[in-house]
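The structure displayed is predicted, hence computed values, not measured ones.
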Amino acid sequence: MNNDIPRGAKEMFSGLVGHVVDAYEAHTEAGATSIAGHFIVAFGNAIGAGPRFYVGETVHKMNEFLLVVGRSARARKGDGKNVALSPLEAVDEEWAKNVAGGLSSSEGLLYHVRDCVEKRNAEGELESLA
C-alpha cells in the first residue's frame, strides 16, 4: 500500500469495492483510496443512467466524478486507475473501448466532452468534423 495516501473510512471498502481493493492492493503501489475511487466511478459509468435511488425527493443516478491529484511519476495515479478498471474491462470490452486516457490540458478535456459536429458529404453520408 502507498503510505503517502490516507486509506479512508472503512465504509468505503465494503462490498464489491472492498473485494476489488483487497484483490489488487498488494500487487500495486497505488493507494487503496485511489483504487476504490476509480472503481466506484467506473462501475457507475459502466452501469449507465438507468439505475437510480432517491434521497428524499432527489433522484441520484450512478454517475460520479473523481479528480485525482498527485505528483507526477510518484503518486501512482495511473496505476490506481488501471488496477480499478481491470475487472470492468475484462467483463465488458465494448465499454472499455470508450475509456479515454489521461488529459494533458483543458483543451484535451474539452475535446473529450465536446458535441460531435457532423456534416453530409457530396454522397449524402454523414462525416464527423471533429
Side-chain angles (χ1 to χ4, degrees):
M1 180 173 107
N2 183 340
N3 293 322
D4 295 338
I5 302 170
R7 182 152 165 88
K10 66 178 180 169
E11 293 83 7
M12 183 176 183
F13 303 100
S14 63
L16 182 58
V17 175
H19 291 303
V20 170
V21 171
D22 289 344
Y24 291 103
E25 183 182 21
H27 307 287
T28 181
E29 293 180 352
T33 305
S34 176
I35 296 169
H38 278 103
F39 183 78
I40 290 167
V41 170
F43 186 78
N45 180 265
I47 287 175
R52 60 195 63 187
F53 62 94
Y54 287 85
V55 176
E57 293 300 316
T58 304
V59 176
H60 292 268
K61 297 180 182 176
M62 299 295 113
N63 56 326
E64 298 290 341
F65 301 92
L66 177 68
L67 174 64
V68 179
V69 179
R71 292 181 62 190
S72 293
R74 293 184 166 237
R76 303 295 173 238
K77 300 176 300 289
D79 289 352
K81 179 191 77 120
N82 294 338
V83 166
L85 270 56
S86 177
L88 296 170
E89 292 169 338
V91 298
D92 191 343
E93 292 176 7
E94 285 303 309
W95 174 83
K97 291 177 185 177
N98 293 301
V99 174
L103 303 173
S104 59
S105 67
S106 58
E107 289 84 4
L109 172 63
L110 293 173
Y111 177 81
H112 286 291
V113 300
R114 78 195 186 291
D115 289 332
C116 185
V117 177
E118 296 177 328
K119 175 182 166 182
R120 293 210 180 268
N121 63 19
E123 290 80 37
E125 300 167 334
L126 283 178
E127 290 182 341
S128 177
L129 299 178

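Nearest heavy atom pair, residue F13 against residue A32, reads CE2-O, 3.6 Å. Across all non-hydrogen atoms, the minimal contact from E89 to A96 is CG-CB, 3.6 Å.
Other residues, nucleotides and ligands contribute more than 12 heavy atoms inside 6.0 Å of the CD atom of E118.
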Decide side chain to side chain contact (heavy atoms under 4.5 Å, CB included) for L85 and W95; before the verdict, give the C-alpha distance in whole Å, the side-chain angles of both, and the deciding distance to 0.1 Å. CA-CA 11 Å; L85 270 56; W95 174 83; 4.1 Å; yes
Can you list the steps and then say if V17 with I40 is a side chain to side chain contact (heavy atoms under 4.5 Å, CB included)? CA-CA 7 Å; V17 175; I40 290 167; 3.6 Å; yes
Is there a side chain to side chain contact (heavy atoms under 4.5 Å, CB included) between K61 and R52 once you walk through the steps? CA-CA 4 Å; K61 297 180 182 176; R52 60 195 63 187; 3.7 Å; yes
Passes side chain to side chain contact (heavy atoms under 4.5 Å, CB included), F65 versus V41? Steps please. CA-CA 6 Å; F65 301 92; V41 170; over 6 Å; no
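Between atom CZ of residue F39 and atom NE2 of residue H19 there is a gap of 10.5 Å, rounded to the nearest 0.5 Å. Taking CG of L66 as the reference point, atom CG of N45 lies at 12.5 Å (rounded to 0.5 Å). Atom CD1 of I35 and atom CG of N82 lie 10.5 Å apart (nearest 0.5 Å). Note that the CZ atom of F43 and the CG atom of L88 stand 7.5 Å from one another [nearest 0.5 Å].
Connection of V55 to M62 is established within a shared hydrophobic cluster, with ILVMFWY side chains joined at heavy-atom distances below 4.5 Å, either directly or through further cluster members. Residue L16 is grouped with residue F53 when hydrophobic side chains (ILVMFWY) are merged at heavy-atom distances under 4.5 angstrom, including chains of intermediate members.
The backbone N or O of E25 sits nowhere less than 3.5 Å from a side-chain atom of T28 that would complete a donor-acceptor pair.
For the pair K119/L126, no side-chain contact is recorded, criterion being any heavy-atom separation below 4.5 Å from C-beta on.
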